[in-house]
Amino acid sequence: MKVLIVSDSHGLTSELSQIREMHPDMDLMIHCGDSELQADHDSLRGYAAVRGNCDFEAAFPEDRVEEAGGLRFFVTHGHRYSVKSTLMNLSYKAREMEADIVCFGHSHGLGAEMSDGILFINPGSIWLPRGRKEKTYVILEARGKDVTLDVYDLSNGKIPELTQNFSLVKSV
(Lines give C-alpha, C1' and ligand atoms only; values in the text may rest on other atoms or scores of the structure.)
Protein backbone atom coordinates (compact mmCIF):
# COMPACT_ATOMS: atom_id res chain seq x y z
CA MET A 1 0.00 0.00 0.00
CA LYS A 2 1.42 3.39 -1.02
CA VAL A 3 0.44 6.88 0.15
CA LEU A 4 1.71 10.17 -1.28
CA ILE A 5 1.77 13.12 1.14
CA VAL A 6 2.28 16.76 0.17
CA SER A 7 1.66 20.07 1.94
CA ASP A 8 2.01 23.82 1.71
CA SER A 9 1.96 24.20 -2.07
CA HIS A 10 0.62 27.80 -1.75
CA GLY A 11 -0.94 28.29 -5.17
CA LEU A 12 1.26 25.94 -7.19
CA THR A 13 -0.81 24.01 -9.72
CA SER A 14 1.35 22.34 -12.38
CA GLU A 15 3.59 20.95 -9.63
CA LEU A 16 0.69 19.16 -7.93
CA SER A 17 -0.37 17.69 -11.27
CA GLN A 18 3.23 16.71 -12.03
CA ILE A 19 3.58 14.88 -8.70
CA ARG A 20 0.29 13.03 -9.28
CA GLU A 21 1.36 12.01 -12.79
CA MET A 22 4.84 10.89 -11.66
CA HIS A 23 3.31 8.55 -9.06
CA PRO A 24 0.19 6.98 -10.64
CA ASP A 25 0.25 3.84 -8.47
CA MET A 26 -0.77 5.46 -5.17
CA ASP A 27 -3.54 4.00 -3.03
CA LEU A 28 -4.07 7.39 -1.38
CA MET A 29 -2.86 10.93 -2.04
CA ILE A 30 -2.99 13.47 0.79
CA HIS A 31 -2.62 17.26 0.72
CA CYS A 32 -2.09 18.66 4.25
CA GLY A 33 -3.41 22.13 3.47
CA ASP A 34 -2.38 25.57 2.29
CA SER A 35 -2.99 24.72 -1.34
CA GLU A 36 -4.62 28.15 -1.75
CA LEU A 37 -6.80 26.58 -4.47
CA GLN A 38 -10.50 25.95 -4.84
CA ALA A 39 -11.49 22.49 -3.64
CA ASP A 40 -12.57 21.49 -7.16
CA HIS A 41 -9.37 22.75 -8.86
CA ASP A 42 -8.08 20.16 -11.33
CA SER A 43 -4.61 20.23 -9.75
CA LEU A 44 -6.11 18.81 -6.53
CA ARG A 45 -7.91 15.98 -8.35
CA GLY A 46 -7.32 12.77 -6.45
CA TYR A 47 -5.88 14.43 -3.35
CA ALA A 48 -7.63 14.08 0.01
CA ALA A 49 -7.11 17.69 1.10
CA VAL A 50 -7.69 19.68 4.27
CA ARG A 51 -7.95 23.39 4.96
CA GLY A 52 -4.83 25.28 6.00
CA ASN A 53 -4.56 28.72 7.57
CA CYS A 54 -4.03 30.24 4.10
CA ASP A 55 -7.00 28.42 2.54
CA PHE A 56 -10.23 30.33 2.39
CA GLU A 57 -12.24 27.66 0.58
CA ALA A 58 -14.98 26.50 2.96
CA ALA A 59 -15.35 23.18 1.10
CA PHE A 60 -12.12 21.86 2.66
CA PRO A 61 -12.55 20.07 5.99
CA GLU A 62 -10.34 21.24 8.87
CA ASP A 63 -9.39 17.63 9.63
CA ARG A 64 -10.12 14.30 8.01
CA VAL A 65 -9.59 10.60 8.59
CA GLU A 66 -8.62 8.33 5.71
CA GLU A 67 -8.17 4.58 5.78
CA ALA A 68 -5.84 2.64 3.49
CA GLY A 69 -4.16 -0.72 3.79
CA GLY A 70 -5.68 -1.33 7.21
CA LEU A 71 -4.12 1.88 8.56
CA ARG A 72 -5.95 4.94 9.87
CA PHE A 73 -4.57 8.33 8.78
CA PHE A 74 -5.47 11.53 10.62
CA VAL A 75 -4.91 14.49 8.28
CA THR A 76 -4.79 18.12 9.37
CA HIS A 77 -2.84 21.24 8.49
CA GLY A 78 -1.57 21.69 12.03
CA HIS A 79 -2.16 25.38 12.74
CA ARG A 80 -5.12 24.55 15.03
CA TYR A 81 -2.83 22.29 17.08
CA SER A 82 0.17 24.65 17.48
CA VAL A 83 2.50 22.25 15.65
CA LYS A 84 5.20 24.91 15.29
CA SER A 85 5.85 24.69 19.02
CA THR A 86 4.74 21.20 20.11
CA LEU A 87 3.23 17.95 18.85
CA MET A 88 1.47 17.33 22.17
CA ASN A 89 -1.91 18.79 21.13
CA LEU A 90 -1.79 16.87 17.86
CA SER A 91 -0.80 13.71 19.72
CA TYR A 92 -3.88 13.98 21.96
CA LYS A 93 -6.12 14.42 18.92
CA ALA A 94 -4.43 11.51 17.11
CA ARG A 95 -5.13 9.19 20.04
CA GLU A 96 -8.71 10.43 20.20
CA MET A 97 -9.09 9.64 16.47
CA GLU A 98 -7.37 6.25 16.93
CA ALA A 99 -4.86 7.17 14.22
CA ASP A 100 -1.93 5.02 13.22
CA ILE A 101 -0.39 7.85 11.18
CA VAL A 102 -0.76 11.63 11.41
CA CYS A 103 -0.10 13.80 8.35
CA PHE A 104 0.29 17.53 8.86
CA GLY A 105 2.06 20.60 7.49
CA HIS A 106 2.02 24.29 8.44
CA SER A 107 5.68 24.64 9.53
CA HIS A 108 7.06 23.83 6.04
CA GLY A 109 9.62 21.67 7.87
CA LEU A 110 10.21 18.10 6.71
CA GLY A 111 10.06 15.58 9.54
CA ALA A 112 8.87 12.19 10.72
CA GLU A 113 8.83 10.74 14.21
CA MET A 114 7.17 8.03 16.25
CA SER A 115 5.39 8.85 19.50
CA ASP A 116 3.49 6.20 21.47
CA GLY A 117 3.19 3.98 18.40
CA ILE A 118 1.82 6.76 16.19
CA LEU A 119 3.84 7.99 13.20
CA PHE A 120 3.79 11.79 12.72
CA ILE A 121 4.72 12.97 9.21
CA ASN A 122 5.29 16.49 7.94
CA PRO A 123 6.21 16.30 4.23
CA GLY A 124 7.75 19.78 4.22
CA SER A 125 6.74 22.17 1.44
CA ILE A 126 6.96 22.10 -2.35
CA TRP A 127 6.72 25.90 -2.39
CA LEU A 128 8.92 27.37 0.36
CA PRO A 129 10.69 24.74 2.46
CA ARG A 130 12.16 25.62 5.83
CA GLY A 131 15.22 23.94 7.29
CA ARG A 132 16.42 22.55 3.94
CA LYS A 133 16.68 23.69 0.36
CA GLU A 134 14.80 20.79 -1.25
CA LYS A 135 11.11 21.23 -2.05
CA THR A 136 9.86 18.01 -0.50
CA TYR A 137 6.97 15.58 -0.42
CA VAL A 138 6.92 12.01 0.85
CA ILE A 139 5.74 8.58 -0.18
CA LEU A 140 4.88 6.09 2.52
CA GLU A 141 4.86 2.40 1.69
CA ALA A 142 3.30 0.07 4.27
CA ARG A 143 3.46 -3.69 4.54
CA GLY A 144 1.23 -4.43 7.49
CA LYS A 145 2.63 -2.41 10.41
CA ASP A 146 6.07 -1.94 8.77
CA VAL A 147 6.40 1.41 7.05
CA THR A 148 9.07 2.82 4.75
CA LEU A 149 9.06 6.58 4.25
CA ASP A 150 10.80 7.97 1.16
CA VAL A 151 11.43 11.69 0.73
CA TYR A 152 11.29 13.25 -2.74
CA ASP A 153 12.61 16.57 -3.99
CA LEU A 154 10.27 18.18 -6.50
CA SER A 155 13.12 18.81 -8.96
CA ASN A 156 15.50 15.90 -8.40
CA GLY A 157 13.36 12.95 -7.29
CA LYS A 158 13.98 10.55 -4.44
CA ILE A 159 16.55 11.49 -1.77
CA PRO A 160 17.79 8.00 -0.76
CA GLU A 161 19.73 9.12 2.31
CA LEU A 162 16.50 10.39 3.89
CA THR A 163 14.63 7.06 3.67
CA GLN A 164 13.39 5.92 7.10
CA ASN A 165 11.76 2.73 8.34
CA PHE A 166 9.18 2.58 11.12
CA SER A 167 7.18 -0.09 12.91
CA LEU A 168 3.67 0.91 13.93
CA VAL A 169 3.52 -1.22 17.02
CA LYS A 170 1.85 0.50 19.96
CA SER A 171 3.41 -0.11 23.36
CA VAL A 172 1.21 -1.55 26.07
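The structure displayed is predicted, hence computed values, not measured ones.
- The salt bridge (Lys or Arg N to Asp or Glu O under 4.0 Å) search around Lys145 returns Asp100, not counting sequence neighbours.
- Residue Thr76 holds its OG1 atom at 11.5 Å from CG of Asn89, rounded to the nearest 0.5 Å.
- At least one donor-acceptor pair under 3.5 Å links the side chain of Arg72 to the backbone N or O of Met97.
- Ser43 places a side-chain N or O within 3.5 Å of a backbone atom of Thr13 that can act as its donor or acceptor partner.
- Applying the under-4.5 Å side-chain rule to Ile, Leu, Val, Met, Phe, Trp and Tyr, the cluster around Leu44 extends to Leu4, Val6, Leu12, Leu16, Ile19, Met22, Met26, Met29, Leu37, Tyr47, Phe60, Ile126, Trp127, Leu128, Tyr137, Ile139, Tyr152, Leu154.
- Between Ile5 and Cys103, the shortest heavy-atom contact is CD1-SG, 3.6 Å.
- In this structure, Ser167 and Met114 approach most closely via the heavy-atom pair O-CE, 3.4 Å.
- Atom CD of Glu67 sits in a crowded spot, with more than 12 heavy atoms from other residues, nucleotides or ligands closer than 6.0 Å.
- Within the 4.5 Å cutoff, no side-chain heavy atoms of Ile101 are placed close to those of Phe74.
- Atom-to-atom distance recorded for Ser155:OG and Glu134:CD is 10.0 Å, nearest 0.5 angstrom.
- Tracing side-chain contacts under 4.5 Å through hydrophobic residues (I, L, V, M, F, W, Y), one reaches Leu28 starting from Leu168; they form part of the same cluster.
- When side chains are defined from C-beta on, Thr163 counts as touching Thr148, because their heavy atoms get closer than 4.5 Å.
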Q: Begin from the C-alpha positions of Glu98 and Val65 and carry the test side-chain contact (heavy atoms from CB on, under 4.5 Å) through to its verdict.
A: CA-CA 10 Å; Glu98 299 180 353; Val65 173; over 6 Å; no
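- The CG atom of Leu140 sits 6.5 Å away from the CG atom of Leu119 when rounded to the nearest 0.5 Å.
- Applying the salt bridge (Lys or Arg N to Asp or Glu O under 4.0 Å) test to every pair with at least one member in residues 8-37, sequence neighbours left out, gives these pairs: Lys2-Asp25.
- Thr136 and Arg132 share no side-chain donor-acceptor pair at under 3.5 Å.
- Put simply, Ile121 and Met88 are part of two different groups of oily side chains (I, L, V, M, F, W, Y) that touch within less than 4.5 Å, one to the next.
- Lys135 meets the salt bridge (Lys or Arg N to Asp or Glu O under 4.0 Å) test with no other residue; sequence neighbours excluded.
- Side-chain atoms of His31 and Ser7 form no donor-acceptor pair, as typed in the model, at a separation below 3.5 Å.
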Q) What do the steps show when you test His79 against Tyr81 for side-chain contact (heavy atoms from CB on, under 4.5 Å), and what is the final call? A) CA-CA 5 Å; His79 62 293; Tyr81 300 96; over 6 Å; no
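- Applying the salt bridge (Lys or Arg N to Asp or Glu O under 4.0 Å) rule to Asp55 yields no partners; only residues at least two apart in sequence or on another chain are considered.
- Ring geometry for Phe104 against Phe120 counts as perpendicular: the plane angle is over 60°, on a 0 to 90° scale with 30° as the lower cut.
- The main-chain N or O of Cys32 is found under 3.5 Å from a side-chain atom of His77 such that the two form a donor-acceptor pair.
- Applying the salt bridge (Lys or Arg N to Asp or Glu O under 4.0 Å) test to residues at least two apart or on different chains, the pairs with a partner in residues 152-166 are Asp150-Lys158.
- Interatomic distance, CG of Leu110 versus CG of Asn122, reported as 7.0 Å (0.5 Å rounding).
- Both Val75 and Leu149 belong to a common hydrophobic cluster when Ile, Leu, Val, Met, Phe, Trp and Tyr are linked at side-chain heavy-atom distances under 4.5 angstrom.
- Residues Ala94 and Val102 approach most closely at CB-CG2, 3.4 Å, considering heavy atoms.
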Q: With side-chain contact (heavy atoms from CB on, under 4.5 Å) as the test, would you mind laying out the steps for Glu141 and Met1 before giving the verdict?
A: CA-CA 6 Å; Glu141 186 167 359; Met1 187 271 304; over 6 Å; no
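- Counting only distance, with no hydrogens or angles, the side chain of Arg130 and the backbone of Ser107 share a donor-acceptor pair below 3.5 Å.
- Side-chain contact between Val147 and Asn165 is absent, with no heavy atoms from C-beta onward closer than 4.5 Å.
- Residues Arg51 and Pro61 are not in side-chain contact: their nearest non-hydrogen atoms beyond the backbone lie 4.5 Å or more apart.
- Here CD of Glu66 is found 9.5 Å from CZ of Phe73. Values are rounded to the nearest 0.5 Å.
- The line from CZ of Arg45 to OG of Ser17 is 7.0 Å long, rounded to the nearest 0.5 Å.
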